[in-house]
Protein chains: 2
Amino acid sequence: MTRWTGTPAYAQIANDYRTKIIEGALPEGSKLPSESELMNEYGVSRIVARQAIGVLRNEGLIISHTGKGSFVKPRQQIDRLARNRYRRRKLTGEFADDARRAGATANIEASSAPAPASNNIAARLKIDASTPVMRTAYRFLANGRPIQVSTSYEPLTLTEGTDIERPEEGPLAGLGVIGRMDSIGVRVTEAIESVTTRAPLPWEVEALDIPPGVHVLSIERTFLADDLPVETCDIVVPGDRYGLTYRIPVVDE
Amino acid sequence: MTRWTGTPAYAQIANDYRTKIIEGALPEGSKLPSESELMNEYGVSRIVARQAIGVLRNEGLIISHTGKGSFVKPRQQIDRLARNRYRRRKLTGEFADDARRAGATANIEASSAPAPASNNIAARLKIDASTPVMRTAYRFLANGRPIQVSTSYEPLTLTEGTDIERPEEGPLAGLGVIGRMDSIGVRVTEAIESVTTRAPLPWEVEALDIPPGVHVLSIERTFLADDLPVETCDIVVPGDRYGLTYRIPVVDE
DNA sequence: TAGTGGTCTAGACCACAAT
DNA sequence: TTGTGGTCTAGACCACTAC
């Protein structure tokens, strides 16, 4: 290919097609040229053509299928998980609520086991490291499709010996943290959520059925009862399908 | 290399080193084997060794330097931009506040121009498409390092002919949306923010100095005066350096 | 059967970094 | 000078898809 700058050939090809995709010249679902066609069009070897395709795939712009070709990904309509407020009077967990609103059937897998708090978890719960906590792993499915995985930690100093020691068992199973804590006289007053993004871990790719090039949103959520942390949770959702919506008040102060 | 499953060689190598990095066997800053060493260790060609390294680079786990090697990235300490509430009585914008709290020097570049509203912006501002809006492009730097780029849109039907027509000019420049709107009798009551993640666009890579394999957090923020949108803004921050922290109340309802 | 993408080998030249 | 990663060529075999 004609090289007029220091830009590598694969980057130039990727730039060309990225522009076409973003500007709409290549609409959703349309097919990109095959590797052979790119080789002819730009006069490069197959590896360079593949490298260019790989860049776009890593950016999540296209998806490749063996034997068929590469296609512009549908602009995922993003389901926004609203996080405006948490409600105290409620008979179901947040996820089941969201799913019902969206007209989906919700399934939740959960399993608990006691464990000593890691340094990270201890800091978030404001307890000493190695203090026992109840660790619960969740997997949420909507319409049979995995949507979210999370791991929650509750200090056993709060819940040991009560009905709610294990979130997924007992009469209040599935009620959510606020209702469960209410039942033992702990009044949750607010939640703090921190959102970051990163590449998925291998087990997250497996558990969430994440296509290549997609990152995850990682949410660190802590429920507080007047400055006392009563639960902290690591929540992971696929970044291509979910956004998070927050409502923020303007205060006179 | 010995192949005992259908797992490709490059994926196997990447898995090995990903595990070592995540579990801490390869601490931050430590050097990965060179491509030649990987070729010998696993008995593969250079392309396969490079492919494995490339996977880890795309996941943001390592960084490569020509002539030196590949190194485990320092676990970026994430600066969390707090978004608990917006304050009405305030003499500076949000960014300058954040920066001052963090002990950093803040610089803001901004430039405005009127433009017709795109379909997307029109929907967010609840106005008709092609209605004129003031479009302002911002670039925020802390300690000279680019941190955030954003583009805001304000309906000119609200601001045309007033002191605040251009956010970066006039007596109230740099005051922030709430204070500026107050000055023309528009009382902003809340903000709604939607957070998603995606690969950066080429100009964002340039403007934010983003290393390979890093995604961005994209925030769509709209300020409302009692359900009337008065400003909407697309905010982009590097995902490896910034997280977003929200405080969410628990309501009795 | 022909075309596609997925994986892999065996080379090559270059710019940059360490010595 | 030597070793490193960055880029590139010219082949090859395989599994899957469409016809």
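Order of the sequence lines fixes the chain letters, A, B, ..., with proteins taken first and strands second; residue numbering starts at 1 for each chain.
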If the threshold is 4.0 Å, N to carboxylate O, is there a salt bridge linking A:E28 and A:R75?
no

Taking only distance into account, with no hydrogens and no angle test, what donor-acceptor pairs under 3.5 Å do side-chain atoms of residues 135-143 of chain B form with protein atoms, sequence neighbours excluded?
unit_1 : atom_1 : unit_2 : atom_2 : d
B:T136 : OG1    : B:S112 : OG     : 2.8
B:R139 : NE     : B:A207 : O      : 3.1
B:R139 : NH1    : B:E109 : OE1    : 3.3
B:R139 : NH1    : B:E109 : OE2    : 3.3
B:R139 : NH2    : B:A207 : O      : 3.2
B:N143 : OD1    : B:T105 : N      : 3.0
B:N143 : OD1    : B:T105 : OG1    : 3.4

Which whole-number value in Å describes the distance from A:M39 CE to C:dG5 P?
11 Å

Which nucleotide, C:dT7, D:dG5, D:dT9, lies nearest any side-chain atom of A:R46?
C:dT7

Is the phosphate of D:dA15 approached by A:T66 (side-chain N or O, under 4.0 Å from OP1 or OP2)?
no

Atom CD of B:E35 to atom P of C:dA12: distance rounded to whole Å?
17 Å

Nearest-Å distance for atom pair CZ/C1', residues B:F71 and C:dA17:
10 Å

Within the structure, does a side-chain N or O atom of A:Y10 lie under 4.0 Å from either OP1 or OP2 of D:dC8?
no

Look at the side-chain N and O atoms of B:S45 and state whether any lies under 4.0 Å from the OP1 or OP2 oxygen of C:dC8.
no

In whole angstrom, give the distance that lies between atom CG of B:N40 and atom P of D:dG3.
12 Å

Could you give the NZ-to-C1' distance, from B:K68 to C:dT19, as a whole number of Å?
15 Å

Between B:V48 and A:G69, which has a closest nucleotide on DNA chain C that is more 5'?
A:G69

Between D:dA12 (C1') and A:R50 (CZ): distance, integer Å
14 Å

Side-chain atoms of A:I47 come closest, of C:dT9, C:dG6, D:dG5, to C:dT9

OP1 or OP2 of D:dT4 sitting under 4.0 Å from any side-chain N/O of B:S36?
yes

Round to the nearest Å and state the distance from B:L38 atom CG to D:dG3 atom P.
17 Å

OP1 or OP2 of C:dG6 sitting under 4.0 Å from any side-chain N/O of A:R57?
yes

Do the side chain of B:S130 and the main chain of B:A117 share a donor and acceptor less than 3.5 angstrom apart?
no

Identify, between A:G67 and B:E37, the residue whose nearest nucleotide on DNA chain D lies closer to the 5' end.
B:E37

A:Y42 OH - D:dT9 P separation (whole Å)
14 Å

Between B:Y246 and B:E193, does a side-chain hydrogen bond (donor to acceptor under 3.5 Å, both in side chains) hold up when you go through it step by step?
CA-CA 10 Å; B:Y246 296 92; B:E193 300 198 358; 2.7 Å; yes

What distance separates A:I53 CD1 from A:N58 CG, expressed to the nearest 0.5 Å?
12.0 Å

